[in-house]
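Everything on this sheet refers to the single structure shown next.
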Amino acid sequence: MRPYFFFSYARRDHLAGGAFVDQFFTDLRDELARIEPEAGPGELAYRDTERLRIGDDWERQLSRMLGASRTMVALYSPAYFSSPYCGKEWTAFDHRTRRHEEQTGESVPALIPVLWEPPPEDLPAEVRRIQYIQHDFGAEYATGGLRHLLRTDPQGTAYRKVVRVIAERIREAASWRVAELRDLDLGQVEGCFPVEEVAPVAVRSSLVRLFVAAGRAGDPPAAVGGAGAVNGERFPVQRSEADSVRADRAAAGGGLANGGGLTNGGPGGPDGPYQGGWYGAHPRDWAPYHPPRLPSLAVQAQQVITRAGHSTSLETVGPDLADALDRARENNEVSVLLVDPWAAGAEPFRQALRDFDRQNHPVTAVLLPDSTDDPPAGPARARLWEGVREVFARTWLHRSGPEPLFRIHIRRERFERELLSTVTVAQNRLLDQLDDDPVAARAQFGLGPDPRPMPGLTIPAWPPVPPEPPVSPGPPLPRPGNAPGPGAGSGAGAGAGAAPGPRGALREETVPLTNRAPSEGEADR
């Protein structure tokens, strides 16, 4: 197998913002699959975290795949150029391209740099000879790198352009088929970097991972609550040309003129006309409220979270949801599921959401928006929410507790407030779990100690113990019920005076740090 590209990146960059690295890799692979449909799924890309298994000789496999891959995508950053193993990968692949040019006379740009973060100024001469800035990517990319674009506008035009152009470069360079290097041994390669080692800077991450479970235009009718499709119930339908025009106009400055072609049985349906949301070509296009407006709910959520000082990633709920949430927790990241009530009871989301419900994900919030007429009160509405309750059977019981992370029937006017509230609650719970010492944990996040309890809110011990009378110097006298000895009664009185006051309920918004340790063999990447 000769993958189209080998994904070369610094382990430190993944620890600092794994969701960003994951999203770029996935988006790049998906875009390449779109423009190169004949390539099989396993042929598109090689990345160590997806292919290495327990018991594999990781260095031998990396050597073999680096020697066979048609191109290499390198994520340039300060961490990349201070990693000895990244230096080995870069040097080995550069040697392959030079050897191919010597043997064939063809200069193939198969080593494809991506500016992840601005690199150090003193790059090795071998690196400087390969252009890594493309000016039509824009000033933000040139000055901040691709990670900056992902933080500020993860589905924006600038980011999508970089993904599209890099995928096209991979396809073009792969067609030249640079000769394989079958005997490559990375252990014997002397890399042309690291550059002068720089002490790593503590990374403060406030990443919120968003997952969407929603329908798409053109999907078949969904079973409400998993009970089977009923004639007349709402389901996504294909957008017409007129709907597309309305969407374009909404994007230019207003909203959609109507429900985007969605019906609930039509004017003569059993529940009357439906005035609901809008679906698009992807779950992230879902706009649940009436009248539908752009941006979609997922993009609106990203904007709200970004304005609050955090960064976001956006993914679709899939079979690996539980694993993705576990990885987020390991990286000290909180997650939010945005769930379409109509999609919760149908595949491809039903099983993944039921598996989530059976497990413990204490720093993951679930929000289910509810449009004004989605559908009107009646049997259809009762069946819809009964289906949601069946999917979230365990989580449903916690919807009314203090500071719940499972929230339903969220109206448009309350969506932003509910979203930020659950993010704050989830981050505070994450902070509570990080360390038994709350002061040390908050210091790890760069925050001060908890606010002191307000006077009058401490909880007295019961029954109250009267204060000890002053004791004159000299040996203490024994008292009934106490063993004689120096200071026999002072400890009891001091410890029983009052219990610690409650921790402050209001906190600063937390900024999770990534602290997942690299696996064996990866620490020097």
Side-chain angles (χ1 to χ4, degrees), residues 3-10 13 20-21 24-25 27-29 31-32 35-36 45-47 66-67 69-83 85-150 152 156-179 181 189 191-196 198:
Y4 273 69
F5 71 92
F6 181 99
F7 195 60
S8 178
Y9 63 99
D13 285 333
F20 293 133
V21 175
F24 172 59
F25 173 77
D27 290 344
L28 181 60
R29 183 183 57 189
E31 178 64 18
L32 182 60
I35 64 176
E36 196 74 352
Y46 177 82
R47 182 183 177 188
L66 186 63
S69 297
R70 306 181 199 185
T71 70
M72 186 178 86
V73 174
L75 266 58
Y76 282 12
S77 71
Y80 189 82
F81 291 106
S82 63
S83 165
Y85 219 87
C86 291
K88 290 174 177 286
E89 293 173 354
W90 194 98
T91 303
F93 200 89
D94 181 57
H95 172 71
R96 272 188 64 195
T97 61
R98 291 195 188 197
R99 192 184 70 158
H100 180 84
E101 184 175 2
E102 292 171 358
Q103 294 175 347
T104 66
E106 300 170 344
S107 178
V108 182
L111 200 164
I112 304 172
V114 173
L115 185 63
W116 188 245
E117 290 181 341
E121 295 182 0
D122 53 343
L123 293 178
E126 296 92 330
V127 175
R128 290 199 304 270
R129 67 180 175 81
I130 298 178
Q131 180 70 22
Y132 64 86
I133 292 292
Q134 182 164 322
H135 295 289
D136 62 350
F137 282 173
E140 284 190 277
Y141 176 83
T143 58
L146 192 62
R147 187 176 189 272
H148 172 72
L149 296 183
L150 275 167
T152 56
T157 304
Y159 169 70
R160 300 307 308 180
K161 179 177 182 178
V162 174
V163 172
R164 184 177 65 254
V165 171
I166 297 300
E168 291 169 351
R169 295 282 170 81
I170 292 172
R171 180 179 63 171
E172 178 184 357
S175 67
W176 291 84
R177 292 188 174 267
V178 174
L181 193 59
V189 174
C192 66
F193 49 92
V195 297
E196 183 179 355
V198 179

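- In this structure, the side chain of Thr71 engages the main chain of Tyr4 through a donor-acceptor pair within 3.5 Å.
- Considering every non-hydrogen atom in both Glu126 and Trp90, the closest pair reads O-CH2, 3.3 Å.
- The minimum heavy-atom distance between Ala45 and Pro3, with the atom names listed, is C-CB, 4.0 Å.
- For Glu117, there are no side-chain hydrogen bond (donor to acceptor under 3.5 Å, both in side chains) partners, not counting sequence neighbours.
- Across Pro120 and Pro78, no two heavy atoms sit closer than the pair CD-CA, 3.9 Å.
- By the side-chain hydrogen bond (donor to acceptor under 3.5 Å, both in side chains) test, Arg98 pairs with Asp94, sequence neighbours left out.
- In this pair, Phe7 and Phe24 present their aromatic rings tilted. The plane angle is within the 30 to 60° band.
- Looking only at side-chain heavy atoms (C-beta outward), Tyr159 and Leu146 come within less than 4.5 Å of each other.
- Residues Val189 and His95 have side chains not in contact (no heavy-atom distance under 4.5 Å, counting atoms from C-beta outward).
- Residues Ile112 and Phe5 form no side-chain contact, since every pair of their non-hydrogen atoms from C-beta on lies 4.5 Å or further apart.
- Using a 4.5 Å heavy-atom threshold, the side chains of Arg160 and Asp27 count as touching.
- Taking all atoms of both residues into account, the shortest heavy-atom contact from Gly191 to Thr91 is CA-OG1, 3.4 Å.
- Taking every heavy atom of both residues into account, Ala79 and Asp13 meet most closely at CB-OD1, 3.5 Å.
- The side-chain hydrogen bond (donor to acceptor under 3.5 Å, both in side chains) test with Ser8 is passed by exactly one of Tyr76, Tyr80, Tyr85: Tyr80.
- Here CG of Leu123 is found 13.0 Å from CZ of Arg129. Values are rounded to the nearest 0.5 Å.
- Atom-to-atom distance recorded for Leu28:CG and Ile166:CD1 is 7.5 Å, nearest 0.5 angstrom.
- Contact check for Val165 versus Asp136: no side-chain heavy atoms found under the 4.5 Å cut-off.
- At least one side-chain heavy atom of Phe193 sits less than 4.5 Å from a side-chain heavy atom of Cys86.
- Residue Phe93 comes nearest to Met72 through the heavy atom pair CZ-N, 3.6 Å, listed as atom of the first residue, atom of the second, then distance.
- For Arg47 (side chain) and Phe25 (main-chain N/O), no donor-acceptor pair under 3.5 Å exists by modelled atom type.
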Given side chain to side chain contact (heavy atoms under 4.5 Å, CB included), test Thr104 with Trp176 step by step and report yes or no.
-> CA-CA 11 Å; Thr104 66; Trp176 291 84; over 6 Å; no
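- Once rounded to the nearest 0.5 Å, the distance linking CD of Glu172 with CD of Glu168 reads 9.0 Å.
- Under the 3.5 Å distance criterion, the side-chain polar atoms of Arg96 are matched with a main-chain donor or acceptor of Gly67.
- Looking at Ile35 and Glu31, their side chains come closer than 4.5 Å, going by heavy atoms from C-beta outward.
- The environment of Arg169 atom CZ is sparse: at most 12 non-hydrogen atoms of other residues, nucleotides or ligands sit within 6.0 angstrom.
- Atom NZ in Lys161 sits 10.0 Å away from atom OG1 in Thr157 (nearest 0.5 Å).
- Within the 4.5 Å cutoff, no side-chain heavy atoms of Phe137 are placed close to those of Leu149.
- To the nearest 0.5 angstrom, Arg128 atom CZ is 11.0 Å from Glu121 atom CD.
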